[in-house]
Amino acid sequence: MKLGILVLGVALGAVSGLAQSQPTVSNGSTNVPDVGELQKMSARFAPTEYRVDISKLSAGDRKALGKLVEASKVIDDIFLTQYWSGNHAEYEKLKKDESVLGRARLQYFWINKGPWSALDGNKAFLPSVPPQKLPGANFYPPDLTKEEFETWVKTLPEDQQKAATGFFTVIQRVPNKDQLMIVPFSEAYKADLQRAAKLLNEAAALTDNATLKDFLTKRAAAFASNDYYESDLAWMDLDAPIDATIGPYETYNDEMFGYKASYESYINLRDDKETNKLKAFSSHLQEVENNLPIDEQFRNPKLGAAAPIRVVNQVTGGGDGNHGVQTAAYNLPNDERVITQKGAKRVMLKNVQEAKFKKTLVPISMQVLAADERADLSFDWFFTHILAHELTHGLGPHQITVNGAKTTPREQLKELYSSIEEAKADVLGLYALQYMIDHKAQMELQDVLPAGADPEKKLYTTYLASTFRSLRFGLHEAHGKGMAIQVNYLLDKGAVLVRPDGTFAIDFSKVKDAVRSLAHDLLMVEANGDYAGAKEMLEMAVLRPQYQKALDRLSAVPVDIRPIFVTAEQLARSPGTGKKTSSTTKK
Ligand code: ZN
């Protein structure tokens, strides 16, 4: 699963809530956007240079990284094919069009990896293309109906049924026959996958890290065999300076059935400083659990092992991984067999989060915070709160007893669970960090928590600004609803103040108690599996007029970023030499 929009990971589909405040898009093949409209549409994605410090990589790894950057471009080619059968021809045509309109079209095409605008409900922005993205993308024949597919699948033997509905096959019509056939990815994209496999094997030969070598070799073999199981297991064990994710993963583009995986790549470098911070926080989670603001009987005396989290900086991305709204974090793999055996791993793209912070959260703060409070906006605290959010998903009641029967909060709260759980993680994230600030000497966290004076002012003010970013994406899914519960609760407790000029502020004499009591309420709803209580809290998940007014002022703030992979391009221009490649992260 990937989380496109940063704040606390509001999911990809949530973007449509922004539509009202964005430039109108003309649709249909006769009435597509002109140059001015296209430029406005592109401007919603603020261009952002990705520069990553590769100076600490070994000589072998630096060369391997160059190979992986090349492989990532092959993934772009495969994804273009998967997304729409006309994509390559359209792309070639646009590349030759040197008019101003042609350039604007090409730029927006590349952002979307096709002729449909992701932020506008996937409507066409080019003439003479289907008016809307095809629900089945290019995984199925364009004229195939759901009924035809389902009827056909029932006629197949069991192993063929599995293949037809599997992640790694496409469905095509047998030429000149009224028949469907199953084509494995390894056949459908054979030439591209051979190119990619060659680059992966070359990178494997160059790196000196055994776990990376193992993953790349097995993934290259999977490109030929179409069996991704062993390489998914190797990916779970990957722990190397170069953190690579490359292959077919997410099924969002198959809107017909959600069966088929799109190729994507994220070529990243591990962030050792943040990884150490995570380790330090993790070692204190039991202590935070022991001090949760609920009765001792509801606390967990022995926390289980948490799922692994990696913090990385992205060098380049390809295919579905560089398409529309940029991914800020992802949870993989999706194969249940691998998850059962090894669990899943969460990868957080720190420099992507930072870019989104700079290009969207900072301009938001100009509208919603008073000038003297903007100085407390802190990326360090922003990112540390995201890490705390992820970790505190593991705290609080998970195994509960209701009417004498063993059950879970998820089972009891049903469709309300995600919103309550997301709000819980946000609020417990604040609570846990406050606890760590208060006990940093005993916990030896002085060098782990973000440096600088007034940590509380930075933590809560940054959190306050980020609430607007979350709410901007709408209240139709769990993260938005969870955030609306929080802001309204804090407003009612007087912990968030609205000034006459429409800016917002934290009341520091009230915020800690308010966070503590909200944490208590959310945790008790989970501890008791209290569906009625959850329902009551969710009645608070509305946008109040003060917030709506503030959000209306944000229409000119970019929605997301458009990466320019500077370090990757430097590597690509000097393949194998590693020269002219040292660049430092601007922090
Ligand atoms: Zn979460």
Side-chain angles (χ1 to χ4, degrees), residues 1-15 17 250 252 274 277-278 281-282 285 288-289 292 300 303-304 306-312 325-332 334 339 343-350 352-353 356-357 361 381-398 408-410 413-433 459 462-463 466-487 489 515 518-519 521-523 525-526 534 537-538 541:
M1 202 178 77
K2 77 171 149 190
L3 301 168
I5 301 144
L6 91 140
V7 171
L8 301 159
V10 178
L12 248 173
V15 196
E250 307 288 5
Y252 302 115
E274 294 299 330
K277 188 197 276 179
L278 267 172
F281 283 0
S282 303
L285 281 182
V288 176
E289 174 79 23
L292 288 181
N300 185 351
L303 293 175
I309 302 178
R310 297 256 187 278
V311 181
V312 302
V325 171
Q326 291 296 308
T327 304
Y330 52 90
N331 242 356
L332 289 174
N334 292 326
I339 295 172
K345 185 163 78 179
R346 164 159 295 224
V347 180
M348 307 187 64
L349 306 169
K350 187 185 173 196
V352 179
Q353 308 256 20
K356 292 185 185 224
F357 176 90
L361 197 56
W381 277 106
F382 174 77
F383 191 70
T384 303
H385 183 235
I386 295 175
L387 294 183
H389 170 110
E390 297 304 337
L391 291 172
T392 52
H393 270 308
L395 301 190
H398 283 90
T408 62
R410 185 188 292 275
L413 303 182
K414 302 184 190 74
E415 82 284 1
L416 310 178
Y417 173 73
S418 306
S419 302
I420 296 291
E421 176 59 23
E422 288 310 324
K424 180 206 93 174
D426 282 351
V427 176
L428 272 197
L430 291 174
Y431 181 83
L433 290 174
L459 171 63
T462 303
Y463 163 79
S466 77
T467 64
F468 292 90
R469 198 184 136 73
S470 292
L471 292 174
R472 214 179 160 206
F473 291 102
L475 298 192
H476 49 276
E477 58 75 65
H479 295 81
K481 284 195 186 108
M483 186 52 88
I485 293 176
Q486 295 166 58
V487 297
Y489 191 99
V515 164
L518 178 54
D521 292 0
L522 291 161
L523 286 166
V525 162
E526 293 196 346
M537 293 196 94
L538 275 157

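All figures in this text were calculated on a predicted structure; none of them were measured in a lab. Both counts, for ligands and for their atoms, begin at 1 and track the order of listing.
Every residue meeting the side-chain hydrogen bond (donor to acceptor under 3.5 Å, both in side chains) condition with Glu274, not counting sequence neighbours, appears here in chain and number order: Lys277, Lys350. Scored by the side-chain hydrogen bond (donor to acceptor under 3.5 Å, both in side chains) test, Lys424 finds Glu421 as partners (sequence neighbours excluded).
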Let's go through His389 and His393 carefully: what are the C-alpha distance in whole Å and the side-chain angles of both, what is the deciding distance for side chain to side chain donor-acceptor pair (under 3.5 Å) to 0.1 Å, and is it a yes or a no? CA-CA 7 Å; His389 170 110; His393 270 308; 3.1 Å; yes
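In this structure, Leu391 CG and Leu303 CG are separated by 11.0 Å, a value rounded to the nearest 0.5 Å.
The Zn ion (ligand 1) lies closest to atom OE1 when only the N/O/S atoms of Glu422 are considered. The minimum distance between the Zn ion (ligand 1) and any N, O or S atom of His389 involves atom NE2.
Not one N, O or S atom of Glu390 sits under 2.8 Å from the Zn ion (ligand 1). Within the 2.8 Å limit, His393 places at least one N, O or S atom next to the Zn ion (ligand 1).
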